[in-house]
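In what follows, a structure is listed as C-alpha coordinates, so that the remarks can point back to it.
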Amino acid sequence: MTGPRILVRGAGVAGMVTAVALAEHGAHVTVHDIGGRVGAGASWFAGGMLAPWCEAESAPDEVTQDSLTSLNWWESHVPDVVRAGSLVVAPPRDTPELNRFGRRTSHFEILNAPQIDALEPDLAGRFDKALFFAEEGHVDPRKALLALAQRLKQQGGQVLTVQAINDDEFDWVVDCTGVAARTMQNDLRGMRGEMILLRCPEISLHRPVRMLHPRIPVYIVPRADSVFMVGATMVESDDTRGITVRAMTELLNAAYTLHPAFAEAELLEANAGLRPAYPDNVPRVKQNGKSISLNGMYRHGFLLSPARAQEVCDIIFGTDRA
Amino acid sequence: MQFYGTELSSRLMLGTAQYDSPAILADAVKAAQAGVVTVSLRREAAGAQAGQAFWSLIQSLNVPILPNTAGCHGVREAVTTAQMARDVFGTDWIKLEVIGQGDLLQPDVFGLVEATRILTEDGFKVFPYTTEDLVVAERLLRAGAEVLMPWGAPIGSGRGLNNLFGLRALRSHFPDIPMVVDAGIGKPSHATAAFELGYDAVLINTAVAKAGNSAQMATAFRLACEAGLAGFAADPMEERDMAVPSTPTLGLARSLGGEML
(Lines give C-alpha, C1' and ligand atoms only; values in the text may rest on other atoms or scores of the structure.)
Protein backbone atom coordinates (compact mmCIF):
# COMPACT_ATOMS: atom_id res chain seq x y z
CA MET A 1 0.00 0.00 0.00
CA THR A 2 2.02 2.94 -1.30
CA GLY A 3 -0.51 5.65 -2.15
CA PRO A 4 -1.88 8.05 0.46
CA ARG A 5 -5.10 7.25 2.25
CA ILE A 6 -7.61 9.97 1.43
CA LEU A 7 -11.04 10.63 2.83
CA VAL A 8 -13.42 12.51 0.54
CA ARG A 9 -16.43 13.88 2.36
CA GLY A 10 -19.52 14.21 0.20
CA ALA A 11 -20.66 11.89 -2.59
CA GLY A 12 -22.00 14.59 -4.89
CA VAL A 13 -20.42 15.45 -8.20
CA ALA A 14 -17.47 17.35 -6.69
CA GLY A 15 -16.69 14.50 -4.29
CA MET A 16 -17.11 11.66 -6.79
CA VAL A 17 -15.07 13.31 -9.54
CA THR A 18 -12.34 14.17 -7.04
CA ALA A 19 -12.38 10.62 -5.63
CA VAL A 20 -11.97 9.05 -9.06
CA ALA A 21 -9.23 11.50 -10.03
CA LEU A 22 -7.35 10.83 -6.78
CA ALA A 23 -7.68 7.06 -7.23
CA GLU A 24 -6.16 7.41 -10.70
CA HIS A 25 -3.10 8.86 -8.99
CA GLY A 26 -2.84 5.75 -6.86
CA ALA A 27 -4.55 7.04 -3.74
CA HIS A 28 -6.63 4.80 -1.51
CA VAL A 29 -9.87 6.68 -1.52
CA THR A 30 -12.82 6.45 0.82
CA VAL A 31 -15.84 8.59 0.04
CA HIS A 32 -18.14 9.28 2.95
CA ASP A 33 -21.64 10.72 2.71
CA ILE A 34 -24.03 10.98 5.62
CA GLY A 35 -26.88 11.32 3.12
CA GLY A 36 -26.86 7.55 2.81
CA ARG A 37 -26.12 7.27 -0.88
CA VAL A 38 -24.27 8.67 -3.86
CA GLY A 39 -25.87 11.94 -5.01
CA ALA A 40 -27.96 12.64 -1.95
CA GLY A 41 -27.56 16.41 -2.38
CA ALA A 42 -27.85 19.09 -5.01
CA SER A 43 -26.04 17.11 -7.77
CA TRP A 44 -28.99 14.74 -8.07
CA PHE A 45 -31.12 17.63 -9.35
CA ALA A 46 -28.56 19.09 -11.75
CA GLY A 47 -29.12 19.65 -15.45
CA GLY A 48 -25.87 17.92 -16.38
CA MET A 49 -25.12 20.37 -19.18
CA LEU A 50 -21.48 20.56 -20.20
CA ALA A 51 -21.72 24.03 -21.65
CA PRO A 52 -18.58 26.10 -21.13
CA TRP A 53 -19.51 28.66 -23.76
CA CYS A 54 -23.17 29.14 -22.83
CA GLU A 55 -22.19 29.66 -19.21
CA ALA A 56 -20.03 32.62 -20.27
CA GLU A 57 -23.29 34.56 -20.53
CA SER A 58 -23.28 35.08 -16.78
CA ALA A 59 -20.06 33.49 -15.48
CA PRO A 60 -16.58 35.04 -15.47
CA ASP A 61 -14.08 33.94 -18.17
CA GLU A 62 -12.33 31.78 -15.60
CA VAL A 63 -15.30 29.40 -15.54
CA THR A 64 -15.23 28.94 -19.30
CA GLN A 65 -11.46 28.56 -19.45
CA ASP A 66 -11.30 26.03 -16.62
CA SER A 67 -14.11 23.93 -18.02
CA LEU A 68 -12.79 23.45 -21.55
CA THR A 69 -11.25 20.07 -20.63
CA SER A 70 -14.40 18.97 -18.87
CA LEU A 71 -16.11 17.43 -21.89
CA ASN A 72 -13.16 15.17 -22.58
CA TRP A 73 -12.93 14.18 -18.94
CA TRP A 74 -16.53 13.09 -18.80
CA GLU A 75 -16.31 11.28 -22.11
CA SER A 76 -13.35 9.27 -20.89
CA HIS A 77 -14.87 8.45 -17.50
CA VAL A 78 -18.57 7.71 -17.90
CA PRO A 79 -20.71 6.20 -20.67
CA ASP A 80 -23.52 8.07 -22.41
CA VAL A 81 -21.98 11.52 -22.71
CA VAL A 82 -23.85 13.20 -25.52
CA ARG A 83 -21.99 15.72 -27.63
CA ALA A 84 -24.71 17.19 -29.76
CA GLY A 85 -24.27 20.81 -28.78
CA SER A 86 -26.81 23.06 -27.14
CA LEU A 87 -29.48 25.26 -28.62
CA VAL A 88 -30.49 28.67 -27.29
CA VAL A 89 -33.86 30.09 -28.33
CA ALA A 90 -36.19 32.89 -27.26
CA PRO A 91 -39.88 33.45 -27.78
CA PRO A 92 -40.39 36.13 -30.50
CA ARG A 93 -41.00 38.97 -28.03
CA ASP A 94 -37.85 38.14 -26.10
CA THR A 95 -35.51 38.32 -29.10
CA PRO A 96 -33.49 41.11 -27.39
CA GLU A 97 -32.46 38.50 -24.84
CA LEU A 98 -31.07 36.34 -27.64
CA ASN A 99 -29.04 39.27 -28.96
CA ARG A 100 -27.70 39.90 -25.49
CA PHE A 101 -26.83 36.24 -25.00
CA GLY A 102 -24.95 36.23 -28.30
CA ARG A 103 -22.96 39.33 -27.36
CA ARG A 104 -21.79 37.72 -24.14
CA THR A 105 -20.82 34.33 -25.56
CA SER A 106 -18.76 32.75 -28.34
CA HIS A 107 -18.36 29.45 -30.22
CA PHE A 108 -21.87 29.47 -31.62
CA GLU A 109 -23.49 29.84 -34.98
CA ILE A 110 -26.72 31.68 -35.63
CA LEU A 111 -29.40 29.44 -37.08
CA ASN A 112 -32.42 30.51 -39.10
CA ALA A 113 -35.77 28.74 -39.07
CA PRO A 114 -34.96 26.00 -41.64
CA GLN A 115 -31.66 25.25 -39.88
CA ILE A 116 -33.44 24.96 -36.53
CA ASP A 117 -35.99 22.65 -38.10
CA ALA A 118 -33.22 20.46 -39.53
CA LEU A 119 -31.50 20.20 -36.17
CA GLU A 120 -34.57 19.67 -34.01
CA PRO A 121 -37.49 18.62 -36.26
CA ASP A 122 -39.96 18.70 -33.37
CA LEU A 123 -39.32 22.41 -32.95
CA ALA A 124 -40.13 23.05 -36.63
CA GLY A 125 -41.87 26.37 -37.19
CA ARG A 126 -41.59 27.45 -33.59
CA PHE A 127 -38.54 29.73 -33.64
CA ASP A 128 -37.08 32.04 -36.28
CA LYS A 129 -33.64 32.34 -34.78
CA ALA A 130 -31.44 30.31 -32.45
CA LEU A 131 -27.85 30.17 -31.26
CA PHE A 132 -26.21 26.77 -31.72
CA PHE A 133 -23.21 25.88 -29.57
CA ALA A 134 -22.11 22.80 -31.53
CA GLU A 135 -19.19 21.76 -29.31
CA GLU A 136 -21.13 21.46 -26.05
CA GLY A 137 -22.54 18.30 -24.52
CA HIS A 138 -24.56 16.89 -21.66
CA VAL A 139 -24.78 13.93 -19.31
CA ASP A 140 -27.51 12.41 -17.20
CA PRO A 141 -26.22 13.46 -13.75
CA ARG A 142 -27.70 10.49 -11.91
CA LYS A 143 -26.30 7.89 -14.29
CA ALA A 144 -22.98 9.71 -14.32
CA LEU A 145 -22.69 9.75 -10.51
CA LEU A 146 -23.51 6.06 -10.28
CA ALA A 147 -21.02 5.30 -13.05
CA LEU A 148 -18.33 7.15 -11.12
CA ALA A 149 -19.14 5.16 -7.98
CA GLN A 150 -18.78 1.98 -10.00
CA ARG A 151 -15.50 3.16 -11.43
CA LEU A 152 -14.17 4.09 -8.00
CA LYS A 153 -14.99 0.61 -6.77
CA GLN A 154 -13.01 -0.88 -9.65
CA GLN A 155 -10.11 1.36 -8.68
CA GLY A 156 -10.17 -0.09 -5.18
CA GLY A 157 -11.98 2.84 -3.56
CA GLN A 158 -15.19 2.72 -1.59
CA VAL A 159 -18.23 4.79 -0.74
CA LEU A 160 -19.31 4.61 2.90
CA THR A 161 -22.56 5.92 4.32
CA VAL A 162 -21.99 5.11 7.99
CA GLN A 163 -22.76 7.83 10.51
CA ALA A 164 -19.26 8.73 11.68
CA ILE A 165 -15.79 8.25 10.33
CA ASN A 166 -12.45 9.01 11.97
CA ASP A 167 -10.31 11.56 10.10
CA ASP A 168 -7.17 10.35 11.91
CA GLU A 169 -7.08 7.20 9.81
CA PHE A 170 -6.37 9.25 6.69
CA ASP A 171 -3.41 11.18 5.31
CA TRP A 172 -5.64 13.78 3.66
CA VAL A 173 -9.26 14.85 4.04
CA VAL A 174 -11.02 16.51 1.12
CA ASP A 175 -14.32 18.17 2.03
CA CYS A 176 -16.84 18.32 -0.82
CA THR A 177 -19.99 18.55 1.27
CA GLY A 178 -21.56 21.55 -0.46
CA VAL A 179 -23.96 23.67 1.60
CA ALA A 180 -23.43 21.40 4.61
CA ALA A 181 -20.01 23.06 4.98
CA ARG A 182 -21.64 26.42 5.72
CA THR A 183 -21.03 25.86 9.43
CA MET A 184 -17.28 25.92 8.71
CA GLN A 185 -17.19 28.52 5.92
CA ASN A 186 -19.21 31.65 6.50
CA ASP A 187 -18.75 32.95 2.95
CA LEU A 188 -20.63 29.95 1.60
CA ARG A 189 -24.34 30.37 0.93
CA GLY A 190 -27.19 28.31 -0.47
CA MET A 191 -28.77 29.14 -3.81
CA ARG A 192 -32.05 27.32 -4.09
CA GLY A 193 -32.85 25.58 -7.36
CA GLU A 194 -36.06 23.84 -8.34
CA MET A 195 -36.56 21.36 -11.16
CA ILE A 196 -39.08 18.98 -12.65
CA LEU A 197 -38.87 15.78 -14.66
CA LEU A 198 -41.43 15.19 -17.39
CA ARG A 199 -42.09 12.20 -19.63
CA CYS A 200 -43.30 13.19 -23.04
CA PRO A 201 -43.10 10.51 -25.76
CA GLU A 202 -44.61 12.89 -28.32
CA ILE A 203 -41.49 15.04 -28.42
CA SER A 204 -37.93 14.19 -29.10
CA LEU A 205 -35.04 16.60 -28.58
CA HIS A 206 -31.41 15.79 -29.26
CA ARG A 207 -29.72 18.38 -27.13
CA PRO A 208 -30.42 20.77 -24.25
CA VAL A 209 -32.54 23.73 -25.25
CA ARG A 210 -32.20 26.96 -23.30
CA MET A 211 -35.14 29.27 -23.54
CA LEU A 212 -34.34 32.85 -22.67
CA HIS A 213 -36.67 35.12 -20.79
CA PRO A 214 -35.78 38.31 -18.93
CA ARG A 215 -37.01 36.98 -15.61
CA ILE A 216 -37.13 33.20 -15.78
CA PRO A 217 -34.64 31.65 -18.22
CA VAL A 218 -35.03 27.88 -18.25
CA TYR A 219 -33.48 24.89 -19.93
CA ILE A 220 -34.91 21.60 -21.04
CA VAL A 221 -32.51 18.69 -21.15
CA PRO A 222 -33.48 15.46 -22.89
CA ARG A 223 -32.79 12.23 -21.02
CA ALA A 224 -33.36 8.61 -22.01
CA ASP A 225 -36.85 7.12 -22.36
CA SER A 226 -38.60 10.34 -23.40
CA VAL A 227 -37.80 12.00 -20.09
CA PHE A 228 -37.02 15.71 -19.96
CA MET A 229 -35.49 17.64 -17.13
CA VAL A 230 -36.80 21.21 -16.87
CA GLY A 231 -34.90 23.59 -14.64
CA ALA A 232 -33.92 25.45 -12.82
CA THR A 233 -34.93 28.33 -10.63
CA MET A 234 -32.32 30.52 -8.92
CA VAL A 235 -33.50 31.79 -5.56
CA GLU A 236 -31.21 33.43 -3.01
CA SER A 237 -32.46 31.22 -0.22
CA ASP A 238 -31.49 28.39 2.12
CA ASP A 239 -35.04 27.10 2.04
CA THR A 240 -34.93 23.30 1.78
CA ARG A 241 -38.65 22.72 1.33
CA GLY A 242 -40.01 21.06 -1.74
CA ILE A 243 -40.74 22.92 -4.95
CA THR A 244 -43.11 25.91 -4.69
CA VAL A 245 -46.22 26.39 -6.78
CA ARG A 246 -44.66 29.52 -8.26
CA ALA A 247 -41.56 27.67 -9.42
CA MET A 248 -43.54 24.73 -10.76
CA THR A 249 -45.82 27.11 -12.67
CA GLU A 250 -42.86 28.90 -14.21
CA LEU A 251 -41.15 25.67 -15.26
CA LEU A 252 -44.32 24.13 -16.66
CA ASN A 253 -45.12 27.33 -18.56
CA ALA A 254 -41.65 27.30 -20.06
CA ALA A 255 -42.01 23.70 -21.21
CA TYR A 256 -45.40 24.47 -22.68
CA THR A 257 -44.03 27.55 -24.44
CA LEU A 258 -41.23 25.48 -25.97
CA HIS A 259 -43.78 23.01 -27.28
CA PRO A 260 -47.52 22.70 -26.57
CA ALA A 261 -47.22 18.89 -26.60
CA PHE A 262 -45.67 19.19 -23.13
CA ALA A 263 -49.20 19.87 -21.92
CA GLU A 264 -49.80 16.13 -22.24
CA ALA A 265 -46.55 15.13 -20.55
CA GLU A 266 -46.50 13.06 -17.40
CA LEU A 267 -45.06 14.87 -14.38
CA LEU A 268 -42.57 12.37 -12.95
CA GLU A 269 -40.81 14.40 -10.31
CA ALA A 270 -40.57 17.89 -8.83
CA ASN A 271 -37.74 18.74 -6.51
CA ALA A 272 -35.63 21.42 -4.93
CA GLY A 273 -32.01 21.52 -3.86
CA LEU A 274 -29.43 24.00 -2.58
CA ARG A 275 -26.43 24.87 -4.71
CA PRO A 276 -23.41 25.89 -2.64
CA ALA A 277 -21.96 29.25 -3.73
CA TYR A 278 -19.24 31.70 -2.77
CA PRO A 279 -19.83 35.46 -3.24
CA ASP A 280 -18.38 35.42 -6.78
CA ASN A 281 -20.24 32.21 -7.68
CA VAL A 282 -16.98 30.53 -8.73
CA PRO A 283 -16.01 27.10 -7.28
CA ARG A 284 -12.84 27.13 -5.20
CA VAL A 285 -10.25 24.73 -3.80
CA LYS A 286 -8.90 25.77 -0.41
CA GLN A 287 -6.13 24.11 1.58
CA ASN A 288 -5.44 24.08 5.29
CA GLY A 289 -2.63 21.66 6.07
CA LYS A 290 -3.83 18.16 5.25
CA SER A 291 -7.40 19.37 4.90
CA ILE A 292 -8.61 20.46 1.49
CA SER A 293 -12.00 21.91 0.62
CA LEU A 294 -13.61 21.91 -2.80
CA ASN A 295 -16.85 23.81 -2.62
CA GLY A 296 -19.01 26.61 -4.03
CA MET A 297 -19.82 24.60 -7.16
CA TYR A 298 -22.86 26.89 -7.73
CA ARG A 299 -24.42 25.73 -11.00
CA HIS A 300 -21.11 24.50 -12.37
CA GLY A 301 -20.83 21.16 -10.57
CA PHE A 302 -20.62 18.92 -13.62
CA LEU A 303 -18.86 21.54 -15.69
CA LEU A 304 -16.06 22.44 -13.29
CA SER A 305 -15.52 19.40 -11.05
CA PRO A 306 -12.93 17.80 -13.38
CA ALA A 307 -10.75 20.95 -13.43
CA ARG A 308 -11.13 21.58 -9.70
CA ALA A 309 -10.44 17.91 -8.89
CA GLN A 310 -7.22 18.31 -10.85
CA GLU A 311 -6.29 21.21 -8.55
CA VAL A 312 -6.88 18.92 -5.56
CA CYS A 313 -4.63 16.27 -7.14
CA ASP A 314 -1.97 18.93 -7.77
CA ILE A 315 -1.94 19.84 -4.08
CA ILE A 316 -1.63 16.24 -2.94
CA PHE A 317 0.64 14.80 -5.62
CA GLY A 318 2.39 17.90 -6.98
CA THR A 319 1.89 19.36 -10.42
CA ASP A 320 4.67 17.34 -12.08
CA ARG A 321 2.80 14.07 -11.60
CA ALA A 322 -0.48 15.41 -12.92
CA MET B 1 -34.01 66.96 -0.44
CA GLN B 2 -35.09 64.64 2.34
CA PHE B 3 -36.97 61.36 2.12
CA TYR B 4 -39.08 61.02 5.26
CA GLY B 5 -36.66 63.27 7.11
CA THR B 6 -33.53 61.48 5.90
CA GLU B 7 -30.92 63.07 3.70
CA LEU B 8 -29.42 60.50 1.33
CA SER B 9 -25.71 60.48 0.51
CA SER B 10 -26.56 60.10 -3.17
CA ARG B 11 -29.64 60.40 -5.38
CA LEU B 12 -28.95 57.12 -7.09
CA MET B 13 -30.92 54.20 -5.71
CA LEU B 14 -29.79 50.76 -6.83
CA GLY B 15 -31.74 47.51 -6.95
CA THR B 16 -29.95 44.32 -5.90
CA ALA B 17 -31.63 41.70 -8.10
CA GLN B 18 -30.36 39.85 -11.18
CA TYR B 19 -26.62 40.36 -10.76
CA ASP B 20 -24.37 37.53 -11.92
CA SER B 21 -22.98 37.18 -8.40
CA PRO B 22 -23.09 38.94 -5.02
CA ALA B 23 -19.47 39.95 -5.60
CA ILE B 24 -20.44 41.79 -8.79
CA LEU B 25 -23.38 43.38 -6.96
CA ALA B 26 -21.04 44.65 -4.23
CA ASP B 27 -18.69 46.14 -6.84
CA ALA B 28 -21.62 47.86 -8.56
CA VAL B 29 -22.97 49.36 -5.33
CA LYS B 30 -19.52 50.69 -4.56
CA ALA B 31 -19.02 52.14 -8.03
CA ALA B 32 -22.48 53.71 -8.03
CA GLN B 33 -21.95 55.21 -4.57
CA ALA B 34 -25.62 54.40 -4.19
CA GLY B 35 -27.59 56.33 -1.59
CA VAL B 36 -30.01 53.46 -1.08
CA VAL B 37 -30.18 49.83 -2.11
CA THR B 38 -33.51 48.14 -2.62
CA VAL B 39 -33.99 44.48 -1.87
CA SER B 40 -36.94 42.26 -2.52
CA LEU B 41 -38.15 39.79 -0.04
CA ARG B 42 -39.86 36.79 -1.45
CA ARG B 43 -42.57 35.80 0.91
CA GLU B 44 -41.91 32.09 0.84
CA ALA B 45 -38.26 32.63 1.70
CA ALA B 46 -38.97 35.02 4.55
CA GLY B 47 -40.95 32.56 6.65
CA ALA B 48 -37.95 30.46 7.55
CA GLN B 49 -35.42 33.32 7.38
CA ALA B 50 -34.09 31.30 4.50
CA GLY B 51 -32.77 34.22 2.50
CA GLN B 52 -30.61 35.31 5.43
CA ALA B 53 -27.27 34.59 3.74
CA PHE B 54 -28.08 36.93 0.83
CA TRP B 55 -29.65 39.58 3.06
CA SER B 56 -26.55 39.57 5.26
CA LEU B 57 -24.50 40.27 2.15
CA ILE B 58 -26.78 43.21 1.35
CA GLN B 59 -26.56 44.52 4.91
CA SER B 60 -22.78 44.28 4.82
CA LEU B 61 -22.74 46.83 1.96
CA ASN B 62 -23.41 49.53 4.60
CA VAL B 63 -25.90 51.39 2.43
CA PRO B 64 -29.39 52.26 3.72
CA ILE B 65 -31.83 49.53 2.72
CA LEU B 66 -35.20 50.12 1.14
CA PRO B 67 -37.02 46.79 1.12
CA ASN B 68 -39.63 46.33 -1.59
CA THR B 69 -42.69 44.24 -2.19
CA ALA B 70 -41.69 43.25 -5.73
CA GLY B 71 -43.85 40.59 -7.28
CA CYS B 72 -46.86 41.19 -5.02
CA HIS B 73 -50.13 41.14 -6.92
CA GLY B 74 -52.58 42.01 -4.17
CA VAL B 75 -53.03 44.37 -1.23
CA ARG B 76 -52.90 41.67 1.42
CA GLU B 77 -49.81 40.04 -0.07
CA ALA B 78 -48.03 43.40 -0.27
CA VAL B 79 -48.96 44.34 3.29
CA THR B 80 -47.79 40.97 4.65
CA THR B 81 -44.53 41.23 2.72
CA ALA B 82 -43.96 44.76 4.01
CA GLN B 83 -44.46 43.60 7.58
CA MET B 84 -41.99 40.75 7.09
CA ALA B 85 -39.49 43.15 5.54
CA ARG B 86 -39.74 45.40 8.57
CA ASP B 87 -38.86 42.47 10.83
CA VAL B 88 -36.02 41.23 8.64
CA PHE B 89 -34.34 44.57 7.87
CA GLY B 90 -35.37 46.59 10.90
CA THR B 91 -36.63 49.57 8.87
CA ASP B 92 -40.06 51.13 8.49
CA TRP B 93 -39.26 52.20 4.92
CA ILE B 94 -41.01 50.17 2.28
CA LYS B 95 -41.04 50.51 -1.49
CA LEU B 96 -44.57 49.46 -2.22
CA GLU B 97 -45.29 47.56 -5.41
CA VAL B 98 -48.73 46.18 -6.10
CA ILE B 99 -48.67 44.73 -9.58
CA GLY B 100 -51.93 44.79 -11.49
CA GLN B 101 -50.95 43.57 -14.91
CA GLY B 102 -48.53 40.72 -15.47
CA ASP B 103 -47.40 41.63 -18.95
CA LEU B 104 -46.32 45.22 -18.35
CA LEU B 105 -45.93 44.78 -14.58
CA GLN B 106 -48.09 47.87 -14.40
CA PRO B 107 -49.04 49.06 -10.91
CA ASP B 108 -52.55 48.28 -9.66
CA VAL B 109 -53.13 51.86 -8.60
CA PHE B 110 -56.34 51.08 -6.70
CA GLY B 111 -54.62 48.40 -4.63
CA LEU B 112 -51.61 50.68 -4.26
CA VAL B 113 -53.65 53.46 -2.66
CA GLU B 114 -55.35 50.99 -0.35
CA ALA B 115 -52.07 49.33 0.69
CA THR B 116 -50.45 52.77 1.20
CA ARG B 117 -53.25 53.71 3.60
CA ILE B 118 -52.98 50.43 5.55
CA LEU B 119 -49.20 50.57 5.80
CA THR B 120 -49.09 54.27 6.72
CA GLU B 121 -51.57 53.64 9.54
CA ASP B 122 -49.29 50.80 10.64
CA GLY B 123 -46.38 53.24 10.95
CA PHE B 124 -44.63 52.54 7.64
CA LYS B 125 -42.96 55.18 5.51
CA VAL B 126 -44.23 54.25 2.10
CA PHE B 127 -42.45 54.75 -1.24
CA PRO B 128 -45.23 53.82 -3.70
CA TYR B 129 -44.29 52.61 -7.18
CA THR B 130 -46.92 54.29 -9.33
CA THR B 131 -47.68 55.60 -12.80
CA GLU B 132 -47.31 59.28 -13.75
CA ASP B 133 -51.07 59.77 -13.22
CA LEU B 134 -51.80 63.01 -11.32
CA VAL B 135 -55.03 61.82 -9.76
CA VAL B 136 -53.45 58.63 -8.46
CA ALA B 137 -50.56 60.68 -7.08
CA GLU B 138 -53.02 62.91 -5.25
CA ARG B 139 -54.74 59.86 -3.72
CA LEU B 140 -51.43 58.33 -2.66
CA LEU B 141 -50.44 61.52 -0.87
CA ARG B 142 -53.83 61.65 0.81
CA ALA B 143 -53.38 58.02 1.88
CA GLY B 144 -50.22 59.02 3.70
CA ALA B 145 -47.33 58.69 1.24
CA GLU B 146 -44.78 61.50 1.43
CA VAL B 147 -42.68 60.29 -1.50
CA LEU B 148 -43.77 59.25 -5.00
CA MET B 149 -42.04 56.84 -7.34
CA PRO B 150 -43.52 57.20 -10.82
CA TRP B 151 -42.35 54.83 -13.52
CA GLY B 152 -40.27 55.96 -16.46
CA ALA B 153 -41.35 52.90 -18.45
CA PRO B 154 -42.36 49.32 -17.57
CA ILE B 155 -40.01 47.47 -15.20
CA GLY B 156 -36.99 46.02 -16.96
CA SER B 157 -37.95 47.46 -20.36
CA GLY B 158 -35.05 49.92 -20.54
CA ARG B 159 -37.16 52.30 -22.61
CA GLY B 160 -36.33 55.42 -20.65
CA LEU B 161 -38.86 58.15 -19.95
CA ASN B 162 -41.91 57.08 -21.92
CA ASN B 163 -44.17 60.00 -21.15
CA LEU B 164 -42.14 63.17 -20.83
CA PHE B 165 -45.23 65.34 -20.77
CA GLY B 166 -46.82 63.31 -17.98
CA LEU B 167 -43.67 63.23 -15.87
CA ARG B 168 -43.15 66.98 -16.32
CA ALA B 169 -46.78 67.66 -15.35
CA LEU B 170 -46.47 65.46 -12.26
CA ARG B 171 -43.29 67.21 -11.22
CA SER B 172 -44.71 70.70 -11.61
CA HIS B 173 -47.98 69.76 -9.92
CA PHE B 174 -46.26 68.52 -6.75
CA PRO B 175 -43.13 70.67 -6.59
CA ASP B 176 -42.42 69.93 -2.92
CA ILE B 177 -42.93 66.17 -2.87
CA PRO B 178 -39.73 64.10 -3.15
CA MET B 179 -40.06 62.11 -6.37
CA VAL B 180 -38.02 59.22 -7.70
CA VAL B 181 -38.20 57.94 -11.25
CA ASP B 182 -38.43 54.21 -10.78
CA ALA B 183 -38.36 51.54 -13.47
CA GLY B 184 -37.67 51.64 -17.17
CA ILE B 185 -34.35 53.45 -17.11
CA GLY B 186 -32.01 51.64 -19.48
CA LYS B 187 -29.13 54.01 -20.16
CA PRO B 188 -27.28 56.69 -18.24
CA SER B 189 -28.76 59.40 -20.47
CA HIS B 190 -32.25 58.40 -19.28
CA ALA B 191 -31.18 59.07 -15.71
CA THR B 192 -29.77 62.46 -16.68
CA ALA B 193 -33.06 63.29 -18.38
CA ALA B 194 -35.01 62.45 -15.21
CA PHE B 195 -32.94 64.88 -13.16
CA GLU B 196 -33.24 67.50 -15.90
CA LEU B 197 -37.01 67.26 -15.45
CA GLY B 198 -36.49 68.11 -11.80
CA TYR B 199 -36.83 64.66 -10.29
CA ASP B 200 -35.01 64.13 -7.02
CA ALA B 201 -33.65 60.63 -7.51
CA VAL B 202 -33.71 57.60 -9.80
CA LEU B 203 -33.95 53.92 -9.00
CA ILE B 204 -32.09 51.57 -11.30
CA ASN B 205 -31.67 47.82 -11.27
CA THR B 206 -31.73 45.90 -14.55
CA ALA B 207 -29.72 48.49 -16.48
CA VAL B 208 -26.77 47.93 -14.15
CA ALA B 209 -27.31 44.28 -13.26
CA LYS B 210 -27.63 43.12 -16.87
CA ALA B 211 -24.90 45.31 -18.33
CA GLY B 212 -21.86 43.45 -19.64
CA ASN B 213 -19.79 45.24 -17.00
CA SER B 214 -22.01 46.10 -14.05
CA ALA B 215 -19.46 48.13 -12.10
CA GLN B 216 -18.57 50.23 -15.14
CA MET B 217 -22.25 50.87 -15.86
CA ALA B 218 -22.78 51.81 -12.21
CA THR B 219 -20.03 54.40 -12.56
CA ALA B 220 -21.65 55.71 -15.74
CA PHE B 221 -24.97 56.10 -13.91
CA ARG B 222 -23.32 57.85 -11.00
CA LEU B 223 -21.81 60.40 -13.39
CA ALA B 224 -25.06 60.72 -15.34
CA CYS B 225 -26.99 61.45 -12.14
CA GLU B 226 -24.44 64.05 -11.11
CA ALA B 227 -24.66 65.64 -14.55
CA GLY B 228 -28.46 65.78 -14.51
CA LEU B 229 -28.66 67.07 -10.96
CA ALA B 230 -26.06 69.79 -11.58
CA GLY B 231 -27.59 70.67 -14.94
CA PHE B 232 -31.03 71.16 -13.43
CA ALA B 233 -29.66 73.15 -10.50
CA ALA B 234 -27.78 75.45 -12.86
CA ASP B 235 -31.07 76.61 -14.44
CA PRO B 236 -30.79 75.54 -18.06
CA MET B 237 -31.48 77.90 -20.93
CA GLU B 238 -34.87 78.01 -22.61
CA GLU B 239 -35.46 76.24 -25.89
CA ARG B 240 -36.13 78.34 -28.97
CA ASP B 241 -37.52 77.61 -32.38
CA MET B 242 -34.79 79.53 -34.23
CA ALA B 243 -31.06 79.93 -34.09
CA VAL B 244 -29.59 82.58 -31.83
CA PRO B 245 -25.94 83.30 -32.60
CA SER B 246 -23.71 82.78 -29.65
CA THR B 247 -21.33 85.48 -30.85
CA PRO B 248 -22.70 89.02 -30.86
CA THR B 249 -23.22 90.36 -34.39
CA LEU B 250 -23.67 93.98 -33.42
CA GLY B 251 -21.16 96.17 -35.16
CA LEU B 252 -20.11 93.58 -37.78
CA ALA B 253 -19.85 94.91 -41.32
CA ARG B 254 -22.73 93.81 -43.56
CA SER B 255 -23.23 93.95 -47.30
CA LEU B 256 -26.19 95.80 -48.70
CA GLY B 257 -28.02 92.50 -49.00
CA GLY B 258 -27.59 91.85 -45.28
CA GLU B 259 -24.95 89.06 -45.46
CA MET B 260 -22.02 89.41 -43.17
CA LEU B 261 -18.77 90.32 -44.84
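Residue numbering restarts at 1 for every chain, and letters A, B, ... go by the order of the sequence lines.
Other residues, nucleotides and ligands contribute only 12 or fewer heavy atoms inside 6.0 Å of the CZ atom of B/Arg159. Within 6.0 Å of atom CD in B/Gln216, 12 or fewer heavy atoms from other residues, nucleotides or ligands are found, so the atom counts as exposed in its surroundings. Atom NZ of B/Lys187 has 12 or fewer neighbouring heavy atoms from other residues, nucleotides or ligands inside a 6.0 Å radius. Residue B/Leu197 places its CG atom among more than 12 non-hydrogen atoms of other residues, nucleotides or ligands, all under 6.0 Å distant. The neighbour count for A/Asn253 CG, taken as heavy atoms of other residues, nucleotides or ligands under 6.0 Å away, is above 12. Remark: A/Asp61 CG is loosely packed, at most 12 non-hydrogen atoms of other residues, nucleotides or ligands lying under 6.0 Å away.
Highest contact tally toward chain B, considering only A/Arg93, A/Arg182, A/Arg103, is held by A/Arg93 [criterion: heavy-atom pairs under 4.5 Å]. The choice from A/Leu188, A/Asp187, A/Asn186, A/Asp280 that makes the most heavy-atom pairs within less than 4.5 Å of chain B is A/Asp280.
At a 4.5 Å heavy-atom cutoff, B/Ile155 makes no contact with chain A through either its backbone or its side chain. For a residue to count as touching a neighbouring chain, one of its non-hydrogen atoms must lie under 4.5 Å from one of that chain's; by this rule A/Arg100 touches chain B with the side chain only.
For the pair A/Arg189/B/Leu57, a side-chain contact is recorded, criterion being any heavy-atom separation below 4.5 Å from C-beta on.
The two atoms that bring B/Asp20 and A/Asn281 nearest to each other are O-ND2, 2.7 Å, heavy atoms only. Annotation for B/Pro22 and A/Pro279: closest pair CD-O, 2.9 Å, computed over non-hydrogen atoms. Contact detail for B/Lys210 and A/Arg104: the closest heavy-atom pair is O-NH2, 3.1 Å.
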